[in-house]
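Inspection log for the structure reproduced underneath, given as structure tokens.
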Amino acid sequence: MNKTVNQKAWLFVLPVLVLVAFNAIIPLMTVVNYSVQETFGNNVFSWAGIIWFEEVLTSQRFHASLGRQLFFTFTILAIEVPLGVIIALAMPRKGIWVSVCLVLMAMPLLIPWNVVGAIWNIFALPQIGMLGNLLNGMGIDYNFTRQPGDAWATLIAMDVWHWTSLVVLLAYAGLVSIPEAYYQAAKIDGASSWAIFRYIQLPKMKRVLTIAILLRFMDSFNIYTEPFVLTGGGPGNSTTLLSIDLVKVALGQFDLGPAAAMSLVYFLVILLLSWVFYTLMMRDEEQ
Amino acid sequence: MSLELKQITKTVGADTHIYPTSLTLERGSFNTLLGTTLAGKTTLMQLMAGLEKPASGEIWFDGKNVTGTPVQQRNVSMVYQQFINYPNMSVFDNIASPLRVSRTDRSEIEKRVNEIAELLKIEQLLDRRPSELSGGQQQRTAMARALVKDSDLILLDEPLANLDFKLREELRDELPKLFAERNCVVVYATTEPSEALQFAGKTAALHEGRVSQFGPTGDIYRQPNDLTSARVFSEPPINVAHVSKTGAWFSLTEQTKWRAPKAMAKLADGPYTIGIRPHHVSPTMHVKGAVPIEGTVQVAELSGSESIIHFDAHGSSWVSLSHGVHPLRAGEPATLYADIARCLYFDADQQLIVA
């Protein structure tokens, strides 16, 4: 291989490199830069070492937000994944109803995130919202703007409504790719429908479900717009998830150093948990 | 003691997949369903198994009407073209699965699985998962699963089609031995005439949802009832030409004539159809009395020791399959020699004229 050819190859990679540099590497390095400096405005920065990391990692406020974030993410995963699989199993495999179901399923995914938040906000308002009014009319004392429990229930219901479809679509794609012969073979064996699910459908859906869980995990850990529009993190701090807290620190208080350190910790938590998930789910495959 | 199909049909919507079909397959016999893709082989097998219900007609097994009996209540095994195994079970558990469903003894399961694994030469692989096996090994596992229980009916739906050449040869040689001792009905679907010939047994030639002929494999090959069976049973496709008989002579064109064989001499004058298998057509004067056919070479394929020549003569295409390498090029004029003594004569209804 001569040298000119190699140099030309770099030209092809260049556009991507520039793109990635501007939308990922440079912003990330800026954040790293902020996280180790102190500033008093006027664009004057001084070296701060790791004090912001110490502050974030020992702060009760960060622990509380992280705890709420983990609770939110694992709750919605525990609901959306099984529910998505059940709906996918119940969907028709052929005929005209396939497209009807697919379109209905895709609908929530097409709605802009802030609109989802607004829809649910209005839908759940205690006096005038359809849901809020209905619940109160049934004698249930429901008010998501005052009671933390109600706020959480509404938040989780909103996310399940918005994102279960993604799991359904992925699981459905996994299901329809199973050749008919597998079902016939199981039928010949006299396998029960539980056995068919356990030994054919679930193993065959494993890869798409891994992707579904990873996507839902990362997206829900990053969630900002919908809870911000729905509850704004309230009542009090009860639904302040990590991203909402981060925005409060960075933009509300303009504490660049702590906010940058918090972002990096946040990023590393997602990276670590995603890796753990992936390794656990793919462990069998690599044996 | 047999599987009997009595005038069964299968329709899906407005399409007829199987026209009225009657077949009797004996226990202890090896039956080949031979036909091209979409001929209805798989549908016919699904009907035999009870995976599908016939639109009309009856299916009897050992003197009992089993038409409406679902597959679980029949004693059936099936092997598919795709390698169908339970993905997250070991090879041992895969093979054992039909026995476990029928609640066989633990020690009995172990014994039978080991026996069958040894027969199929996968005894070293019992701890592995299907994804860690080669295609051939996966299909051996699927076959072991089908053979481990004493099925009354074993259906093999093109089991070798997805394997590469060498593995296919290997398994094909072993197959008849696997079934030799069994007192069950074996049905094997394939698109390749050579496989049917190798397994001997009986063959049903299937074409567009109809069984055109059923009988001992060699008989169908040598004496197909009609042009359809002859076509199904020839790869490369049999050469078909329209000829006319005048007195003692058959003629293909004005120049290409030959004396009618004794048995055909009494036939009325008029148009007939002949079929000559590609290996009876050669670019050399390979037998005495071969009839020369002049035309243009379209494609010449060489495969090791054989040459396949596609040839255009007076607007109809011919195929020749011959030994050796023949230096013919596409577009060149050439003469092929047809061993006319080996040709099959068909009447106006495309039925074979038997000597």
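Residue numbering restarts at 1 for every chain, and letters A, B, ... go by the order of the sequence lines.
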Note to self: Could you check whether any side-chain heavy atom of A:L66 comes within less than 4.5 Å of a side-chain heavy atom of A:Y266, counting everything from C-beta outward?
What the structure shows: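 Result no, sub-4.5 Å side-chain heavy-atom pair not found.
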Check: Do A:F62 and A:V265 come within less than 4.5 Å of each other through their side chains, counting heavy atoms only?
Finding: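 Of all side-chain heavy-atom pairs linking A:V265 with A:F62, at least one is under 4.5 Å.
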Note to self: Whether B:R27 and B:D62 form a salt bridge (side-chain N of Lys/Arg under 4.0 Å from carboxylate O of Asp/Glu) is what I want to check.
What the structure shows: yes
Note to self: Under 4.0 Å between a side-chain nitrogen and a carboxylate oxygen: does that hold for B:R145 and A:D189?
What the structure shows: yes
Side chain, backbone, both or neither: which part of [X] has a heavy atom under 4.5 Å from chain A?
{"X": "B:R74", "result": "neither"}
{"X": "B:S77", "result": "backbone"}
{"X": "B:Y86", "result": "both"}

Largest heavy-atom contact set with chain A, pairs under 4.5 Å, which of [options]:
{"options": "B:N85, B:L99, B:V76", "value": "B:N85"}
{"options": "B:Q82, B:K149, B:Q46", "value": "B:Q46"}
{"options": "B:V71, B:I84, B:L51", "value": "B:I84"}

Next item on the list: Any chance you could measure B:K177, atom NZ, to B:L175, atom CG, to the nearest 0.5 Å?
Entry: 10.0 Å
Checklist line | Qualifying residue for side-chain contact (heavy atoms from CB on, under 4.5 Å) with B:N31, from B:V186, B:V185, B:L155 | finding: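 Of B:V186, B:V185, B:L155, side-chain contact (heavy atoms from CB on, under 4.5 Å) with B:N31 is met by B:V185 alone.
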Next item on the list: Using non-hydrogen atoms and a 4.5 Å limit, figure out which bit of A:A195 sits close to chain B: side chain, backbone, both or neither.
Entry: neither
